[in-house]
Asker: 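Below: one structure in structure tokens.
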Amino acid sequence: MTSGGDAPGMNAAIRSVVRTCAYHNIECYGIYRGYEGMIEGDFKAMDARSVKGIINKGGTVLKSARSQAFRTPEGRQQAYNQLTAANIDGLVTIGGDGTFTGAMIFNQEFDFPIMGIPGTIDNDIYGTSHTLGYDTALNTVVEAIDKIRDTASSHNRLFFIEVMGRDVGHIALNVGVGAGAEEILIPEEDLGLDRLLESLRRSKQSGKSSSIVVVAEGDKIGKNVFELKDYVEENMTEYEVRVSVLGHMQRGGSPSCFDRVLASRMGVKAVESILEGKTNFMVGLLNDKIALTPLDKAVKGKSEINMELLRVSDIMTT
Ligand code: F6P
């Protein structure tokens, strides 16, 4: 099952789960539309051949949804009834923290074996250095910023570019360094408006004619990208400012090789862990090894960003 926001690599994970089941002679069913489909019994038997040609596809062939009904005890009871009626005795769920929170409650209530695979471009899950889709999204965003840079430098403009990251700045920080942004605004650090202006002034004085500021959607400076544009234009008339909100294009596209390999590894581990009788864990990547983290830790733990990268970015913009 895939649930929550889609992410590139989800299909590669579905393929891996299905093929690992086939390898171990286990019957496998795909659940459509996340918990919604679980409640409705929207299941489809899947064999090794039914997942051909999807490793390179973005999105999720099982579709995804955010379910209100699953938040209710009645909804979860209905989901449990559907699973038992179909003789299903283990669940691999691919998604983010909302998906895992639902899975944990379900496991507590019905003692149903569950393994989680982290799939979200935000990379905001504890217990893994990389969630599925994160690496692809970084490459997609860097490519987009490189293109915007062409306009920025041709017109001597300052661009505020908003990238995804509701609660964390992983995407902003990494693409900021990777695309050579002058400033990076992330939720983990409130730069403050004064320091932003100071930094932009310094950048102008050092001879730069154009600038890129990457802003995570959840950043804490207190102004959205459009308000930031107005603020900078009011205080620095020397700048012509534009805004670009990259939006959902960041979530689409063919997964990178890294995400495909990671998804394949995670799917194998998820199925084989259930076979070993393990439950209530998330499969993650830690120090390049596939490792299990209890689901409650994955949900409650904080995924730390690499603050060293902020310093690297400061030095790079000298
Ligand atoms: O996938 C995570 C995420 O991209 C967040 O960064 C963003 O806030 C959210 O999804 C938006 O998703 P949706 O439009 O599906 O609600």
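First listed ligand is number 1; within each ligand, the first listed atom is number 1.
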Asker: Find all atoms of ligand 1 within a distance of less than 4.0 Å from any non-hydrogen atom belonging to H248, and give their numbers and elements.
Answerer: 12 (O), 13 (P), 14 (O)
Asker: Verify the neighbour count for atom CZ of R201: are there more than 12 heavy atoms of other residues, nucleotides or ligands below 6.0 Å?
Answerer: yes
Asker: Closest by any non-hydrogen atom to atom 8 (O) of ligand 1: pick that one out of M164, E217, R66.
Answerer: E217
Asker: Just to confirm my output: which protein heavy-atom neighbour is closest to atom 2 (C) of ligand 1, and how far is it?
Answerer: D122 OD2, 3.1 Å
Asker: Looking at G165, which atoms of ligand 1 are within less than 4.0 Å of one of its heavy atoms?
Answerer: 6 (O)
Asker: Would you say the side chain of Q77 lies within less than 4.5 Å of the side chain of F110, judging by non-hydrogen atoms?
Answerer: yes
Asker: Considering only the protein, which heavy-atom contact is closest to atom 9 (C) of ligand 1, and what is its distance?
Answerer: R251 NH1, 3.8 Å
Asker: Kindly say whether V213 contributes a backbone atom to a donor-acceptor pair with the side chain of E182 at under 3.5 angstrom?
Answerer: no
Asker: Are the side chain of R76 and the backbone N or O of R71 linked by a donor-acceptor pair below 3.5 Å?
Answerer: yes
Asker: Relative to ligand 1, is Q250 under 4.0 angstrom through side chain, backbone, both or neither, heavy atoms considered?
Answerer: neither
Asker: Consider side-chain contact (heavy atoms from CB on, under 4.5 Å). Of S211, S313, S199, S203, which one does E183 pass it with?
Answerer: S199
